[in-house]
Amino acid sequence: MPTLLLLLFTWLAAPVQDAVPGSEQFATRVVASGLENPWQMRWGPDGRLWVTERTGKRIVRVNPADGTKSVALTITDVVQRHGQDGLLGLALHPDLLKNRGADFVYVALTHDVDPGEAEVRRLAIRRYVYDGRTETLSNPTTLLDNLPAGNDHISGRLVFGRDQKLYLTIGDQGYNQLALYCSPIHAQELPTSADVQAKSFQKYEGKILRVNLDGSVPADNPTLGGVRSHIYSYGHRNAQGLIQAPDGHIYASEHGPSMDDELNLIQPGKNYGWPFVAGYRDDRVYVYANWSLSVPEPCATLKFNDITAPPSVPQQKETAWSSPDFMPPLRTFFTVGPDYRFSEQGNATIAPSGIDVYTTTTGAIPGWAKSVLVTGLIRGTVYRVKLNEAGDAAVGPTLEYFKARDRYRDVLVSPDGRTIYLATDANSQEHPGAIVAFTPQP
Ligand SMILES: [Ca+2]
Ligand SMILES: [Ca+2]
Ligand SMILES: [Ca+2]
């Protein structure tokens, strides 16, 4: 084989190790600031940006032209105590403000289900009704409650599907690491039919759900281990980004451990590998160390380390596990080899959060259709991954845009494709708690 062809083949086969700066130039405009951790943005039929504030517990409508803010609702019973809980996902019914009796707005939130002194935090999907005359939301209906909500990795991204179903991401709760290192991960465990009958949703950790608009289990959800439940896909770690493209494909971003953040194509009944596999099933760096099973030293006597585990902790290579339903990611950010020095180079991660798809073909930004835009929290960057025509593979290098000392939490492409809106965390350095707009320069 000629050297050039060999090089090309090697490049095509190898996971992308790093990203390259995009060449397009953009003008920056701060649309709104003073938001308390804006978390999810949606483009409303009223031409407003509809935004949840994770810690502010509000649903705010922002005029993208002048930044005017209008509070549609404050959800006072949201319980927010940690870094990833509070008022999270937001989805708008496609018939909102269409005079069809479906002025519905859906949210995912954490709250206390214990009526007494104790606090039992759970994730819920709630529906509100929008009144276009008063520009307020009211009449809450709980669709699904008692979903897992711990201290970490709650996920909570919500999408209204083209099939009239709600899709919700639920994380692995941050188990098997940091302060929760002695709690085992349940992302591979599936509910029994008794669990489903009893509405016991503990096994929904590390899953993506597909839910009827009344909260029930769709009759055409996949059967997993012989049981049909709300679960659409499993083996997820912390999918903070979820979007459906106009062609129906569903994409999710997912936080990896110290490497291998992922962009995934979500399909029914598929297993995304966690915690047996991070990124590709390639045995390159990641091994599954289950701290909770440490013997003879009990886990609680050990000091957690996210790179190496002591010999008492059972460890398993990625290829020691297999599943016919395993789905590798479309792209990782980033996959590194055994020569990567974490102590010197830091984690090979971007901490991906909200995502959007760029499908506008009017030429607003030439070459961008069709791409997935992935926000990064820790590198102040949005990553663009070009997709093939079928939308089932990533092509070309990962491209970087909008670098700033900000934590990008969500991204929204305007319907005309001419503006990219980014929402930032409150602890961003350049634009804290803001919505920033980027428009291409000729
Ligand atoms: Ca209580
Ligand atoms: Ca995975
Ligand atoms: Ca791997």
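For ligands, and for the atoms within them, numbers begin at 1 and follow the listed sequence. No experiment lies behind these values; they were computed from the predicted model shown.
Under a 4.0 Å N-O distance rule, the pair D410/R157 qualifies as a salt bridge. We find that R228 and D220 are not joined by a salt bridge, their nearest charged nitrogen and carboxylate oxygen being 4.0 Å or further apart.
At a cut-off of 3.0 Å, Y280 is counted among the residues with an N, O or S atom near the Ca ion (ligand 3). Metal site remark for the Ca ion (ligand 3): A278 contributes an N, O or S atom at a distance under 3.0 Å. Between the Ca ion (ligand 3) and E318 there is an N/O/S contact shorter than 3.0 Å.
Ring geometry for F276 versus W321: interplanar angle under 30°, hence parallel rather than tilted (30 to 60°).
Take the Ca ion (ligand 2) as the corner point: the lines to OE1 of E262 and to O of Y272 open at 150°, to the nearest 10 degrees. Geometry at the Ca ion (ligand 1): O/A118 and O/G116 form an angle of 90°, nearest 10 degrees.
No other N/O/S atom of D112 lies as close to the Ca ion (ligand 1) as OD2 does. Closest to the Ca ion (ligand 3) among the N, O or S atoms of D282 is OD1. Of all N, O or S atoms in D114, the one lying closest to the Ca ion (ligand 1) is O.
Side-chain contact check for I208 versus S233: some heavy-atom pair is nearer than 4.5 Å.
A cation-pi geometry, defined here as NZ or CZ lying under 6.0 Å from the six-membered ring centre and within 45° of its normal, does not hold between R42 and W50.
Heavy-atom neighbours of E389 CD from other residues, nucleotides or ligands within 6.0 Å: at or below the threshold of 12.
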